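A quick note: this is a predicted structure, and the numbers were derived from the prediction, not measured. All values below come from the heavy atoms of this structure, side chains included, with hydrogens, waters and symmetry mates left out. Proteins come first, then strands; the chains are lettered A, B, ... in the order of their sequence lines, and each starts at number 1.
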Amino acid sequence: MPDTVLDQAFFARPALVVARELLGKYLVRSGAGVTMVARIHETEAYIGPHDLACHAAKGHTPRTAVMFGPAGFWYVYFIYGIHWMLNVVTEAEGYPAAVLLRGAGEWHGPARLTKAMSIDRQLNGQPAAVSSGLWIEDRGDAVPRRQIRRTPRIGVDYAGDWAAKPYRFVLSPDRPAASRRQLSGPRGLS
DNA sequence: GCAGTGATCATA
DNA sequence: ATGATCACTGCC
């Protein structure tokens, strides 16, 4: 299967679906004569204006405007005076939702990822497409469901009941299959 | 554990 | 104009 650049149809779906399906896809950064590729292993869904952890819960502001636009565009914002966060807009135009890319390749943590790939406000509002120098590819290596873990989102304790919802998706390495003996034998002594 | 750092938005 | 807050990281 040839590599496929994910298009607007991929992103124009519920954020939870997009967040899950982005695991195992490839984030590609091209610019200044170099290209970087990193397999996505951690995402979070911010599902709409009723989601109190989603920036769009604060309404349509200059900062959140991109999220109200069409799917497949980058929503990049600055936080804590230091860090850039990379999101891709999902859902139908007019419905504000996005997926935060928290980890890819060797990088763990959303700010480390953007720092490594030189992602900043210049990409805010740009399309996730080759033309912007930042896009996502499907390279045909599907992720088995058993490698996907769901947890609550990080750093959103302010969001009340929404903080506990399992909207974070993590691609975990396969554990070696337990042998019959391990399954039926005594637990470890430790 | 907690400081750093500055954009953003509500309040005035 | 001012102040609280913040989808984090690195160092104590």
Rounded to the nearest Å, what distance is computed from the CG atom of residue Leu52(A) to the C1' atom of nucleotide dC6(C)? 16 Å

Report yes or no: is the cationic atom of Arg121(A) (NZ for Lys, CZ for Arg) under 6.0 Å from the centre of the six-membered ring of Phe78(A), at an angle within 45° of the ring normal? no

Separation of dC11(C) atom C1' from Ile82(A) atom CD1, nearest Å, is 12 Å

So what does Ala53(A) hit on the nucleic acid, given a heavy-atom distance under 4.0 Å: a base, only sugar-phosphate, or nothing? base

Distance under 6.0 Å and angle within 45° of the ring axis: does Arg13(A) meet both against Phe11(A)? no

Stems in DNA chain B: runs of 3 or more consecutive Watson-Crick or G-U pairs, distances under 3.5 Å? B:1-4 with C:8-11, B:6-11 with C:1-6

Assess the residue pair Asp141(A) and Arg39(A) against the criterion (salt bridge (charged side-chain N to carboxylate O under 4.0 Å, His left out)); give the C-alpha distance rounded to whole Å, side-chain angles, the decisive distance to 0.1 Å, and a yes or no. CA-CA 10 Å; Asp141(A) 48 343; Arg39(A) 193 165 190 241; 3.2 Å; yes

Mind calculating the distance between CD (Glu42(A)) and P (dC8(C)) to the nearest angstrom? 10 Å

Side-chain donor/acceptor of Tyr77(A) to base of dA7(B), under 3.5 Å: no

Report the residue (Leu113(A) or Phe78(A)) whose heavy-atom-nearest nucleotide on DNA chain C is the more 5′ of the two. Phe78(A)

Side-chain N or O of Arg112(A) closer than 4.0 Å to phosphate OP1/OP2 of dG10(C): yes

Return the value, rounded to whole Å, for the distance between atom CE of Met85(A) and atom C1' of dT5(B). 13 Å

Should Phe169(A) and Leu16(A) count as side-chain neighbours, where that means a heavy-atom distance under 4.5 Å? yes

Does Tyr158(A) have a side-chain nitrogen or oxygen under 4.0 Å from the phosphate oxygens OP1 or OP2 of dA7(C)? yes

For atom OH of Tyr80(A) and atom C1' of dA3(B), their distance in whole Å: 13 Å

Between Lys25(A) and Leu6(A), is there a side-chain heavy-atom distance shorter than 4.5 Å? yes

Just to verify, which of Arg149(A), Arg153(A), Arg102(A), Arg20(A) counts as forming a salt bridge (charged side-chain N to carboxylate O under 4.0 Å, His left out) with Glu42(A)? Arg102(A)

Going from CD1 on Ile136(A) to CG on Leu22(A), what distance comes out if it is rounded to the nearest 0.5 angstrom? 5.0 Å

Identify whether a stacking contact exists between Tyr46(A) and dA7(C), where the ring centres must be under 5.5 Å apart and the planes under 30° apart. yes

Can you tell me the distance, in whole Å, between the NE2 atom of His60(A) and the P atom of dA10(B)? 13 Å

Separation of dC8(C) atom P from Ile119(A) atom CD1, nearest Å, is 16 Å

Judged by nearest nucleotide, the residue sitting upstream toward the 5' end of DNA chain B, His83(A) or Arg121(A), is His83(A)

Walking DNA chain C from its 5' end, the first of Lys115(A) and Asn87(A) to be reached, judged by nearest nucleotide, is Asn87(A)

It should be established whether Arg63(A) places a side-chain nitrogen or oxygen under 4.0 Å from OP1 or OP2 of nucleotide dC6(C). no

Distance, rounded to the nearest Å, where Asp157(A) contributes CG and dT5(C) contributes C1': 14 Å

